[in-house]
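Below: one structure, written as structure tokens.
All ligand and atom numbering here is 1-based and tracks the order in the structure.
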Amino acid sequence: MTTPSAYIPALKYNGLTRFYDLVLEKLLREKMWKSYFIKNFINKVPQQVLDIGCGTATLSLMLKNTFPLATVTGLDGDRGILAIAAKKIMERQSDVKLVQGFSYELPFPDNYFDAVSSSLMIHHLSNEDKHRTFKEVYRVLKPGGEFNIADWGKPGNIATRILFYLVQLLDGFTTTRDNVKGLLPKYLVEDGFIKVQELKRFNTLLGSISIYKAFKQGTDLLE
Ligand SMILES: C[S@@+](CC[C@H](N)C(=O)[O-])C[C@H]1O[C@@H](n2cnc3c(N)ncnc32)[C@H](O)[C@@H]1O
């Protein structure tokens with residue numbers, strides 16, 4: 001599978017990927033908001049969980065620790081970062097599955113996952129690919145399944161807006177604009193999701209991270 005030209009790696013330049021975990025830990029306090037993110041999964045006993053744009057698999061590993069009975073699959077388009085993820089998974093003796101692929105053409109059957117998560121990936125996508133991705137996530141979720149997103153959102157204050165220019169310089173203005181305008185919930189509704197809500201906003205040294213939740217229509221998986 002070839003990487004499309006519009007593809008944006010974790011820190012834009014492949015040479016910077018090895019510093020990714022350090023940046024996330026030091027600048028973004030990732031453990032704090034990723035823990036909140038997982039705590040707010042509605043389904044506490046999911047069987048199949050997909051983490052799209054899993055990067056170095058920090059969130060995938062946390063998901064597997066929280067839901068030990070679940071099969072957790074991390075998907076990413078970048079083989080380089082998946083190699084880092086594979087090493088981490090092996091060192092922690094976990095059994096997160098890794099798949100190379102793209103969020104807008106998911107290599108999974110319809111109605112397969114109880115929950116899909118995405119952390120800091122949606123802002124890498126063009127407007128068109130955001131919609132393609134949301135439609136794909138909708139397709140692979142079971143009826144009533146949940147989609148949990150953590151991504152750059154509307155800045156909580158002027159300081160976080162100014163700080164976010166650094167992220168925009170790195171990841172690009174076109175792909176991040178919808179995030180800053182707080183448009184992700186609107187797009188999720190347009191692509192069929194229901195009960196879409198922003199659960200919380202975390203201010204970080206590089207901008208505000210919003211936690212969103214949305215559901216596929218259908219019988220509630222917990223009923
Ligand atoms: C900023 S990193 C986030 C990694 C991880 N989810 C986290 O929270 O630390 C974004 C990741 O999304 C991946 N990515 C970007 N576009 C993608 C796409 N269309 N499909 C799959 N992965 C993608 C990148 O390779 C990168 O690993």
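- Screening T176, T133, D178, N179 for a side chain to side chain contact (heavy atoms under 4.5 Å, CB included) with L125, the sole residue that qualifies is T133.
- The backbone of C54, and not its side chain, has at least one atom closer than 4.0 Å to an atom of ligand 1 (non-hydrogen atoms only; backbone = N, CA, C, O).
- Atoms of ligand 1 lying under 4.0 Å from any heavy atom of G55, numbered from 1 in the order shown and given with element: 4 (C), 27 (O).
- Side-chain atoms of D76 come within 3.5 Å of backbone atoms of G55 as a donor-acceptor pair (strictly under, hydrogens ignored).
- Put simply, part of D76 is less than 4.0 Å from ligand 1, judged by heavy atoms.
- Partner of W152 under the side chain to side chain contact (heavy atoms under 4.5 Å, CB included) criterion, chosen from I122, L184, V167: V167.
- When heavy-atom distances to ligand 1 are checked against a 4.0 Å cut-off, L125 comes that close only through its side chain, counted from C-beta outward.
- In this pair, F173 and Y165 present their aromatic rings tilted. The plane angle is within the 30 to 60° band.
- Note: an N/O pair closer than 3.5 Å links K34 and ligand 1 by distance alone.
- Look at H123 and you'll find every heavy atom at least 4.0 Å from all atoms of ligand 1.
- With respect to E136 and R139, a salt bridge is recorded, a charged nitrogen being found less than 4.0 Å from a carboxylate O.
- With F134 as the aromatic partner, R132 does not meet the cation-pi criteria of under 6.0 angstrom to the ring centre and within 45 degrees of the ring axis.
- Interface of G77 with ligand 1, defined as ligand atoms under 4.0 Å from a residue heavy atom, comprises 21 (C), 22 (N).
- For ligand 1 and S103, the ligand atoms under 4.0 Å from any heavy atom of the residue are 18 (C), 19 (N), 20 (N), 21 (C).
- Under the 4.0 angstrom criterion for non-hydrogen atoms, I52 is not in contact with ligand 1.
- With respect to Y212, the side chain to side chain contact (heavy atoms under 4.5 Å, CB included) criterion is satisfied by exactly one of K200, Q197, E198: E198.
- For G101, the closest heavy-atom approach to ligand 1 falls below 4.0 Å.
- Proximity of a side-chain donor or acceptor of D114 to a complementary backbone N or O of Q47 within less than 3.5 Å is detected.
- Ligand-side atoms of ligand 1 in range of D78: 25 (O), range being under 4.0 angstrom from any heavy atom.
- One finds a salt bridge joining K186 and E190 here, because a Lys/Arg side-chain nitrogen approaches an Asp/Glu carboxylate oxygen to under 4.0 Å.
- Near I81, meaning under 4.0 Å from one of its heavy atoms, ligand 1 places the atoms 27 (O).
- Taking any N or O of L75, backbone or side chain, none lies under 3.5 Å from an N or O belonging to ligand 1.
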